[in-house]
Enquirer: 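Before anything else, here's the structure in question.
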Amino acid sequence: MEKQLQELHFDAEKVVDTPRYVALIPAAGVGSRMGATTPKQYMSISGKSVLQYTVDAFLTFSKIQHTYVLVSPDDAYVDEYLAKAENLTVLRCGGASRRDTVRNGLSKLAATLGNKDWVLVHDAARPGLTSGLLQHLIDQVADSAVGGLLALPVVDTVKRVENGKVQTIPRDGLWLAQTPQMFRYQLLCDALDAADQVTDEASAIEAAGHAPIMVEGHVRNMKLTLPSDMALIAQYLNSQPE
Ligand SMILES: Nc1ccn([C@@H]2O[C@H](COP(=O)(O)OP(=O)(O)OP(=O)(O)O)[C@@H](O)[C@H]2O)c(=O)n1
Ligand SMILES: C[C@](O)(CO)[C@H](O)COP(=O)(O)O
């Protein structure tokens, strides 16, 4: 497997002047909040799986040299719901949490990627990603040493409810994290090694003392989390991006 991975995609050079761009798509979740019979990444929208929409966003964006989909070791769906493609590899390295899945995937690429290379981690469950959003993220982040992520500024009034007490929290400076989250390979590996409870890559980078660049995303890049998300996501997928 290791030999196969090394041969796969790139020249042998590990540290290169021109960084490479790869996508890592964690797709090993069970979708407990969705409560469907199949994990949500394999649910179908207009005859195509959620995962296929997500992967297609990367396969049709030429800057991404390779896309890796990370599924659980005993996944029984991926062969049926994801079409094979030239620059696409499925790795059966899913872990107990999203963080573990991503860290396992990064480890598999140790012989392939160098310090400066960019990894774009994107949830399988965000099928509304577009080339425009990918280009926007890369334009804003590619000159930085660290990386950044798509996110949405909070536009509503925010409440915190605790022990029966309700408080209004100033929304200034609050963002909702989306993906892709794009970071330099080695920096991300090191940050995740030091942070085992995080729900996204940016949290690990922040904990390591860095400030990720916040890049405004779009609501069509929403995550499929609850059954009620399905209709809205289908509407976005069936409409042209703005
Ligand atoms: N052990 C895990 C858990 C999650 N994910 C992936 O991380 C993304 C975002 O996670 P989330 O929405 O939390 O997905 P699930 O864990 O599947 O959902 P739930 O929390 O409702 O069970 C999804 O693409 C999911 O497949 C993963 O690769 N490995
Ligand atoms: C990474 C993420 O999509 C950012 O919003 C999110 O954190 C993933 O999982 P969660 O379990 O829904 O927080």
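Numbering of ligands and ligand atoms starts at 1, following listing order.
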Enquirer: Can a non-hydrogen atom of G94 be found less than 4.0 Å from any atom of ligand 1?
Expert: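 Under 4.0 Å: no for G94.
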Enquirer: Could you tell me whether ligand 1 has any atom less than 4.0 Å away from a heavy atom of K40?
Expert: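 Yes.
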Enquirer: Starting from atom 28 (O) of ligand 1, find the nearest protein heavy-atom neighbour and note its residue, name and distance.
Expert: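 Nearest protein contact, heavy atoms only, for atom 28 (O) of ligand 1 is A28 N, 2.9 Å.
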Enquirer: For the residue pair Y236 and H218, categorise the inter-ring angle as parallel (less than 30°), tilted (30 to 60°) or perpendicular (more than 60°).
Expert: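 Aromatic pair Y236/H218 classed perpendicular.
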Enquirer: Say whether T179, considering both its backbone and side-chain N or O atoms, lies within less than 3.5 Å of an N or O atom on ligand 2.
Expert: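 So ligand 2 has no N or O lying under 3.5 Å from an N or O of T179.
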Enquirer: For atom 2 (C) of ligand 2, which of L150, T225, D123, V121 has the closest heavy atom?
Expert: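 When every heavy atom of L150, T225, D123, V121 is considered, D123 comes closest to atom 2 (C) of ligand 2.
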Enquirer: Checking contacts here: is it the side chain or the backbone of S32 that comes within 4.0 Å of ligand 1, counting heavy atoms only? Could be both or neither.
Expert: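 Both the backbone and the side chain of S32 come within reach of ligand 1.
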Enquirer: I need the nearest protein heavy-atom contact for atom 9 (C) of ligand 1: residue, atom name and distance, please.
Expert: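 Sorting protein heavy atoms by distance from atom 9 (C) of ligand 1 puts D123 OD1, 3.5 Å first.
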Enquirer: What are the atoms of ligand 2, with element, lying closer than 4.0 Å to any heavy atom of R33?
Expert: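 This gives 10 (P), 11 (O), 12 (O) as the contact atoms.
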Enquirer: Would R98 count as being in polar contact with ligand 2, using the rule that some N or O on each side must be under 3.5 angstrom apart?
Expert: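 No, no N or O pair falls under 3.5 Å.
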Enquirer: In terms of residue, atom name and distance, what is the protein heavy atom nearest to atom 9 (O) of ligand 2?
Expert: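 So the nearest neighbour among protein heavy atoms is K223 CE, 3.8 Å.
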Enquirer: Non-hydrogen atoms of V30 versus ligand 1: any pair closer than 4.0 Å?
Expert: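 Contact present.
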Enquirer: For D200 and ligand 2, does the shortest N/O to N/O distance drop below 3.5 Å?
Expert: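 In this structure, D200 places no N or O atom under 3.5 Å from an N or O of ligand 2.
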Enquirer: If you have a sec, work out which protein heavy atom is nearest atom 29 (N) of ligand 1 and how many Å separate them, to one decimal?
Expert: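 Checked against all protein heavy atoms, atom 29 (N) of ligand 1 sits closest to T101 OG1, 2.8 Å.
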Enquirer: Considering G105, G95, G31, G29, which one's heavy-atom position lies nearest to atom 1 (N) of ligand 1?
Expert: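 Among G105, G95, G31, G29, the closest heavy atom to atom 1 (N) of ligand 1 belongs to G95.
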